[in-house]
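In what follows, a single structure is set out as structure tokens and then discussed.
Note that the structure is a prediction, hence the values are computed from the model and not measured. Heavy-atom basis, side chains included; hydrogens, waters and symmetry copies ignored.
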Amino acid sequence: MSKGPELIITEKDNAARRIADILSGESAEADRINGVNVYKWGGKRCIGLSGHVVGVDFPPEYNDWRDVEPVELIDAPIDKHPTQENIVAALRRLARNARRVVIATDYDREGELIGKEAYELVRDVNEDVPVDRVRFSSITDREVTEAFDNPDGLDFNLAAAGEARQIVDLVWGAALTRFLSLSARQLGDDFISVGRVQGPTLKLIVDREREIEAFDPEDYWELFADLQKDSESFEAQYFYLDEDGNEAERVWDGDDAEEAYETLRNVEAATVDSVRRRTRTDDPPAPFNTTQFIRAAGSLGYSAQRAMSIAEDLYTAGYITYPRTDNTVYPEDLDPRELLDAFTANRTFGDDAQNLLEQEEIEPTAGDNETTDHPPIHPTGELPSRSDLTEDEWDVYELVVRRFFATVAESAKWEHLRVVADAGGLSLKANGKRLVKAGYHEVYPYFNSSESFVPDVAEGESLAVTDTEIEEKQTQPPRRYGQSRLIETMEKMGIGTKATRHDVIQKLYDRNYIESDPPRPTRLARAVVEASEEFAELIVSEEMTAQLEADMQAIARGDASLDDVTAESREILEDVFEGLMESGDEVGKHLQKSLKADKTVGACPESDHDLVVRKSRRGSYFIGCDGYPDCTYTLPLPSTGKPLIMDEECDEHGLSHVKMLAGRKTFVHGCPLCKAEEADAEEDLIIGDCPECGAGAESETPQNGDGETDGEHGELAIKRLRSGSRLVGCTRYPDCDYSLPLPRRGDIEVTDEECEEHDLPEIRITYDDSDREPWDLGCPICNYRAYQAEQAGGDELQSVKGIGEKTAEKLKAAGIEDVPSLKEAEPDALADLVDGVGPDTVRKWQSAAD
DNA sequence: GCAAGGTC
């Protein structure tokens, strides 16, 4: 019997550290094996995995998509192999002489499977060591201690349920993905994927788009009147009772609307029929789970992906709890007063925390979902200072803090006032609301708490009708899903998990299935959904997950085996493939046609082919003729962003407008041919000498392409390129490629002011929209230098090529604070002052700084 | 290079 250590295995490093702290009474020390943290104390070791450290896949002989018929994957063997070699190696080393192993992975199905994977790795190197399993719902002193005092065994059935899911997902996903990609001859980076979760998610988006397109708008009218009491005026709306006796505001017949409007217009006063006052309690929101957090961050303008990425950073830094959770009920051991206490000294949160602490009773809200793996997202009580975080991180951190505050705050109270009046036999109503007790709104400003004013009136009172209005409207198609609505709907449908839903959406973007935000489906997406609906309906249906979920529960209960479930699933897929293989060509053609439609801008002006968006070998986008190489017509596109073809077409050329997607820098490029023609028509405007090869340049004698002096001096000119961008560039381009950027929007005005340092006129940008102030961009060289400095994190020195963060620090220590002083410095003297820098390097910087 | 699920 070996006397080695006891080995505790957790799902992630963070959990390992916290559990080690609890069990050791904070005496555990961190060690590293193979670059993996191992916490040790007494005779114990604790190591954190990184989720699954082994993966399932087909053996290598199935790797070549062209050599293997997709249908063969259905019955192909499936292997498990380490995906995190260093962790697996460290685990093996520790397990070899362990005297006992305790699996302490998350308390959920996937955690049980990860635990079983660890168990198998342990067994590979140690046949006899006893292996226990501990389960706890949150990593706290009490729960962890209790769990380790009462160890249990691994639940192999539950783990098998997870394995069945892995197999079904791999077999269906890989076989169908390869089939669709092969049939459309899309084998590169742009393969065509389907899967149990991405399928129904994509169908959700495509179905909504179908509804929008099929929508037939209907006209209706709404009538309003301003009522006046004393000098206070408020708006009331006309309503009537429909045939079911329900209140209705929309008038569907134009003549009826006109008639009512005439009546209303001719009355001078309305009589108050009824006044109803009600107070409504507005309860604070439940604690954050992942979905609700993403939704709240979404209303602040963060994409689902971005919100999660920030949350993960805040978690890793120790400021908030684990961000992937379904739980909306705080664990019992969370003491709200203690947590609030941690905020009382803080500048931003102190007052709110103090006020909350002064409440007599603190009873946190609770949602419907209580799970066992992680608590709802809340601040840890370890506070960052504002400068520790980026602006976005602080924004999100504040949201999490304030959400916690809200959940322990009091309800708000609204007073609703509803007034119904009669105007010439027509009913008018006005709804006012007033926040009489702010409650949680005081600490959580993210919900709308705006009031609407209706004055105190009495029944029978007469009010002047001062203004009447009729509005013609149309019923609107259903709205597209935004990212957070999509995630909420996925959650309701039971597809994906808290940790993957936002990734699935990102995957749809990456696969060219959706574009823009809120996401719109591409033609390719429709074709994939259509093909799936016809031949493999299950893969775009939420039913597949529901069925799998039921099967997994049967396995977990012991009522079914992994083999039963996977064999049945494989049989269904065999049937799917029978239909699919018969129509493979047809499916492929449909997909190819849609792929091309997504790229087509319009007809080529020089041949009978289409113009399509293409990618150059250097990775930039341009527009080229589909008839290439017979026709070599091209049009350039801007260098920033990914082109999206819009519905709008150019009246003159019949080409679709192009939008360049680049996150916050997204802009509409418009018709690419118009842009090119505008550039051709505009003459370059000379503003000075080129600093590199102009008359005053010291550094180099201008040379032509052969390396001989061509005797010509370059000048700087404001130019408009065919790609639509504008710049200040050398007239000797391409022999001299000196250039400075100019903004895409606005009119460029060359002023009389001149920059003394560079002998260039200062430039001003003016805008057509009258409310936008002109921008004094100034000297283009100074402007570009300031821009580069901003990009380099506010440090001007780092804008110079060759100077990084460390060098900038050294230069500052030597008294060089900015670019002008760098340029004035004597190279030999400066080199003496700065470690590891020679006079030639200084000269290089000086010429680069120009 | 395929899925979906962990985690970073």
Side-chain angles (χ1 to χ4, degrees), chain A residues 10-16 35-37 48-58 60 62-74 76 78 80 83-84 86-87 105-118 159 161-182 186-202 290 308-317 322-325 373-374 490 495-508 510-511 536 538-539 544-545 548-549 552 569 573:
Chain A
T10 70
E11 192 153 321
K12 46 193 165 279
D13 174 59
N14 217 295
V36 181
N37 286 337
L49 307 176
S50 182
H52 292 285
V53 293
V54 295
V56 290
D57 209 347
F58 302 109
Y62 290 84
N63 278 356
D64 194 321
W65 292 29
R66 276 159 303 204
D67 277 0
V68 182
E69 285 287 332
V71 69
E72 288 178 55
L73 294 179
I74 300 176
I78 292 176
K80 263 192 191 183
T83 49
Q84 307 266 13
N86 54 337
I87 297 178
T105 46
D106 287 357
Y107 185 10
D108 57 18
R109 186 174 54 219
E110 217 60 27
E112 207 68 24
L113 175 53
I114 291 165
K116 191 209 161 195
E117 288 160 3
E163 282 182 295
R165 179 200 58 70
Q166 288 184 317
I167 293 167
V168 169
D169 280 342
L170 175 65
V171 171
W172 279 75
L176 288 171
T177 293
R178 285 199 196 178
F179 184 90
L180 293 181
S181 303
L182 281 162
Q186 289 284 303
L187 293 186
D189 293 336
D190 292 329
F191 60 87
I192 297 172
S193 70
V194 281
R196 174 176 57 83
V197 176
Q198 54 174 289
T201 307
L202 188 58
T290 302
M308 282 310 285
S309 147
I310 294 173
E312 274 153 28
D313 289 345
L314 292 171
Y315 159 71
T316 315
Y322 194 65
R324 294 182 273 262
T325 177
D373 47 355
H374 299 285
M490 291 169 76
I495 58 175
T497 73
K498 68 225 172 186
T500 58
R501 288 185 196 112
H502 62 279
D503 285 335
V504 170
I505 292 172
Q506 188 53 45
K507 189 173 271 178
L508 298 182
D510 294 344
R511 298 278 192 268
L538 213 50
I539 206 70
M544 181 158 179
T545 296
L548 186 59
E549 199 60 47
M552 282 195 286
S569 177
L573 186 57

Would you classify A:R511 as touching base, sugar-phosphate or nothing, given that sugar-phosphate means primed atoms plus P, OP1 and OP2, and contacts are heavy atoms under 4.0 Å? sugar-phosphate
Taking A:G173's backbone N and O only, do any of them form a donor-acceptor pair with A:T177's side chain (distance below 3.5 Å, no angle check)? yes
Report the distance from atom NE2 of A:H374 to atom P of B:dG5, rounded to the nearest whole Å. 15 Å
Within the 4.0 Å heavy-atom criterion, would you say A:S50 contacts the bases, only the backbone, or no part of the nucleic acid? base
Nucleotide of B:dG5, B:dC8, B:dC2 approaching A:H52 most closely (side-chain heavy atoms): B:dG5
Distance check: side-chain N/O of A:T497 vs OP1/OP2 of B:dA4, anything under 4.0 Å? no
Comparing A:R178 and A:V504 on DNA chain B - which has the more 5′ nearest nucleotide: A:R178
Can you tell me how far P of B:dA4 sits from CD1 of A:I78, to the nearest Å? 15 Å
In whole angstroms, the gap separating C1' of B:dC8 from CG of A:D503 amounts to 12 Å
Need one value for A:D106: base, sugar-phosphate or nothing, where a base atom within 4.0 Å counts as base even if backbone is also close, heavy atoms only. sugar-phosphate
Could you tell me whether A:G496 contacts a base, only the sugar-phosphate backbone, or nothing, with contacts defined as non-hydrogen atoms closer than 4.0 Å? sugar-phosphate
Base, sugar-phosphate, or nothing for A:D313, non-hydrogen atoms under 4.0 angstrom? nothing
By nearest atom, which of the nucleotides B:dT7, B:dA3, B:dG5 is closest to the A:D169 side chain? B:dA3
Any N/O donor-acceptor pair, A:T316 side-chain to B:dC8 base, under 3.5 Å: no
Return yes if the base of B:dC8 and the side-chain atoms of A:D13 contain a donor-acceptor N/O pair under 3.5 Å, otherwise no. no
Strictly below 4.0 Å: does A:Q198 bring a side-chain N or O up to OP1 or OP2 of B:dA4? yes
Figure out the CG/C1' separation between A:L182 and B:dC2, and round it to whole Å. 10 Å
In whole Å, I'd like the distance from the CD1 atom of A:I87 to the P atom of B:dG6. 17 Å
What is the distance, to the nearest angstrom, from the CG atom on A:L573 to the P atom on B:dA3? 15 Å
Compare the minimum distances between each of B:dG6, B:dC2, B:dA4 and the side chain of A:R165, then state the nucleotide with the smallest one. B:dA4
Measuring to OP1 and OP2 of B:dG6, would you say a side-chain N or O of A:R324 lies under 4.0 angstrom away? no
Residues A:Q84 and A:H52: side-chain donor-acceptor under 3.5 angstrom: no
What is the nucleic acid contact for A:W172, judged by heavy atoms within less than 4.0 Å: base, sugar-phosphate only, or nothing? nothing
Take atom CG of A:L202 and atom C1' of B:dA4, then tell me their distance rounded to the nearest Å. 16 Å
Does A:E312 use its side chain to pair, donor to acceptor, with the backbone of A:S309 at less than 3.5 Å? no
The criterion is ring-ring contact (aromatic ring centres under 6.0 Å, His included); which residues satisfy it with A:H502, sequence neighbours excluded? none
What is the distance from CD of A:Q506 to P of B:dG5, rounded to the nearest Å? 16 Å
Heavy atoms, side chains only, cut-off 4.5 Å: are A:R501 and A:V197 in contact? no
Quick one: is A:S193 getting a side-chain N or O under 4.0 Å of the B:dA3 phosphate, OP1 or OP2? yes
Compare side-chain N and O positions of A:Y322 against OP1 and OP2 of B:dT7 and report whether any pair is under 4.0 Å apart. yes
Report the residue from A:D510, A:L508, A:V504 that forms a side-chain contact (heavy atoms from CB on, under 4.5 Å) with A:Q506. A:D510
By nearest heavy atom, map A:Y315 and A:K507 onto DNA chain B; which one lands nearer the 5' end? A:K507
Taking the side chain of A:E312 as its heavy atoms from C-beta onward, which of B:dA3, B:dA4, B:dC8 lies nearest to it? B:dC8
OP1 or OP2 of B:dT7 under 4.0 Å from side-chain N/O of A:Q84: no
So which nucleotide from B:dC8, B:dA4, B:dC2 ends up closest to the side chain of A:W65? B:dC2
Give a yes/no answer on whether the side chain of A:R196 brings an N or O atom under 4.0 Å of OP1 or OP2 in B:dG5. yes
With respect to the side chain of A:A499, which nucleotide from B:dT7, B:dC2, B:dG5 is positioned closest? B:dT7
Test side chain to side chain contact (heavy atoms under 4.5 Å, CB included) applied to A:V54 - qualifying residues, sequence neighbours left out: A:K80, A:E117, A:L121
